[in-house]
2 protein chains.
Amino acid sequence: MQLEEAKLKYIQTWGSLATSWGVNKTMAQVHALLLVSTKPLSAEDIMEALQISRGNVNMNVRALIDWGIVQKEFVVGERKEFFVADKDIWELFKQITKERKKREIEPVLRVLEELQQVDENSDEAAQFKQVLGDLSKVTTSVNNILDKAIKADEHWLLSNFTKVMKK
Amino acid sequence: MQLEEAKLKYIQTWGSLATSWGVNKTMAQVHALLLVSTKPLSAEDIMEALQISRGNVNMNVRALIDWGIVQKEFVVGERKEFFVADKDIWELFKQITKERKKREIEPVLRVLEELQQVDENSDEAAQFKQVLGDLSKVTTSVNNILDKAIKADEHWLLSNFTKVMKK
DNA sequence: TTAAACTTTCAATAATTATTGAAAATAAAA
DNA sequence: TTTTATTTTCAATAATTATTGAAAGTTTAA
């Protein structure tokens with residue numbers, strides 16, 4: 001397989017994985033493109049490579065910057081902005097984990113807690129609280145694990161876990 | 001807060017969490033409804049509770065059954081089908097993990113591996129392979145952890161992990 | 001200053017995804 | 001059988017989400 005072909009296929013694959021996890025396809029593709037690029041890319045470069053509009057590039061690049069996984073970079077002698085993705089995949093993983101945790105898991109935990117405030121004493125209410133409690137317990141545990149992941153270094157995933165898994 | 005209000009709010013919350021993780025909102029709501037229901041529900045019950053069409057109920061209930069997190073149940077003297085959700089949240093977590101791993105993570109791992117077959121020797125190709133390799137490494141590790149979770153009992157999440165986290 | 005280069009915004013539009021509802025299929029009862 | 005209850009399917013439609021592109025905004029250089 002040729003390099004260019006492989007790159008394209010990788011960008012496509014990443015885009016469709018993103019879709020099934022609720023991430024905008026183009027955003028994932030822009031990130032994938034920057035990840036396999038050897039040099040910083042301008043908005044124009046991205047427009048051309050992915051055949052998308054200027055507005056679309058702008059929106060998605062900004063979102064990636066907001067997620068903390070893409071940075072602006074200035075190129076000497078060039079007036080326009082260029083963009084690069086951090087090539088450290090472990091950092092990428094941590095950053096995405098951190099953001100999704102903050103944006104999606106934590107707010108749900110807060111709601112689950114709030115809902116425990118049902119002031120009824122029926123069996124049904126008890127059962128409901130039980131379900132909520134179980135849900136909170138599992139969600140909190142997951143949340144804690146992700147916290148640990150965010151703070152840990154790369155070896156945490158590769159070795160520390162392996163130990164636990166072999167038990 | 002009253003029980004009914006809390007149940008509704010819970011169903012809504014679960015629906016919106018689902019949306020941001022690429023799961024159909026109605027599917028999550030149907031599941032949430034069954035989870036907090038004290039008795040098996042018929043298609044009609046679900047239609048009424050969530051104000052959705054018969055077809056929609058059918059589609060989503062089947063999807064939930066396909067995911068292994070909802071079961072059919074027969075009620076004596078009733079001709080129609082009823083549905084229940086397993087109330088064991090840990091089982092739910094394991095089942096969802098198992099399915100998403102199988103449907104989404106594993107296929108991507110296969111593509112990443114395939115893409116390593118780039119037959120070029122340039123620096124650029126080397127860098128690309130490096131990125132792919134790193135991506136595979138992290139994805140494989142996550143995949144392994146999820147495997148462990150699927151096989152483990154409830155205490156794995158709650159205690160075994162706590163230990164690791166306190167290190 | 002002003003003009004040119006570039007970025008951002010956002011209403012209009014397109015693409016995608018979810019939902020309806022009625023007809024067809026299936027299963028149980030008469 | 002035939003009738004009736006129930007489930008399934010799927011084309012049409014609605015709702016949601018993503019994308020365009022041109023105008024407005026901003027920055028830099030002359």
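Worth knowing before you read on, the calculation uses all heavy atoms, side chains too, and leaves out hydrogens, waters and symmetry mates. None of the values given here were measured: they were computed from a predicted structure. Naming convention: chains lettered A, B, ... in sequence-line order (proteins, then strands); numbering from 1 in each chain.
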Under 4.0 angstrom, heavy atoms only, what part of the nucleic acid is [X] near: base, sugar-phosphate, or nothing?
X        : result
Thr19(A) : sugar-phosphate
Arg54(B) : base
Asn58(A) : base
Asn56(A) : base

Rounded to the nearest 0.5 Å, how far apart are CG of Asp134(A) and CH2 of Trp90(B)? 12.5 Å

Taking Ser37(A) for its side chain and Leu33(A) for its backbone only, find out whether a donor-acceptor pair lies under 3.5 Å. no

Flag, side chain of Glu120(A) to backbone of Leu3(B), donor-acceptor distance under 3.5 Å: yes

Inspect the contact between Lys94(B) and Glu91(B) and indicate whether a charged nitrogen and a carboxylate oxygen are less than 4.0 angstrom apart. yes

Could you walk me through whether Tyr10(A) and Leu112(B) pass the side chain to side chain contact (heavy atoms under 4.5 Å, CB included) test, one step at a time? CA-CA 8 Å; Tyr10(A) 163 67; Leu112(B) 289 181; 4.3 Å; yes

Would you mind reading off the distance between Phe74(A) atom CZ and dT27(D) atom C1', rounded to a whole angstrom? 11 Å

How long is the line joining NZ of Lys72(B) and P of dT6(D), in whole Å? 14 Å

Consider only side-chain heavy atoms of I, L, V, M, F, W and Y, link residues closer than 4.5 Å, and tell whether Trp21(B) and Ile11(B) are in one cluster. yes

In terms of side-chain heavy atoms, does Ser42(B) have a donor or acceptor partner in Asp45(B) at a distance below 3.5 Å? yes

Reading DNA chain C in the 5' to 3' direction, which nucleotide is the first one with an atom under 4.0 Å from a heavy atom of chain A, and which is the last? dA4(C) to dT17(C)

Kindly give the heavy-atom pair with the smallest separation between Lys87(B) and Val131(A), and that separation in Å. CD-CG2, 4.3 Å

5' precedence on DNA chain C between Gln51(B) and Phe82(A) (nearest-nucleotide basis): Phe82(A)

Do Arg79(A) side-chain and dT28(D) base share a donor-acceptor contact under 3.5 Å? yes

Compute the angle between the rotation axes at the two ends of the helix from dT1(C)-dA30(D) to dA30(C)-dT1(D), each taken over five pairs, rounded to 10 degrees. 10°

Remaining members of hydrophobic cluster (4.5 Å side-chain criterion), Phe82(B): Val75(B)

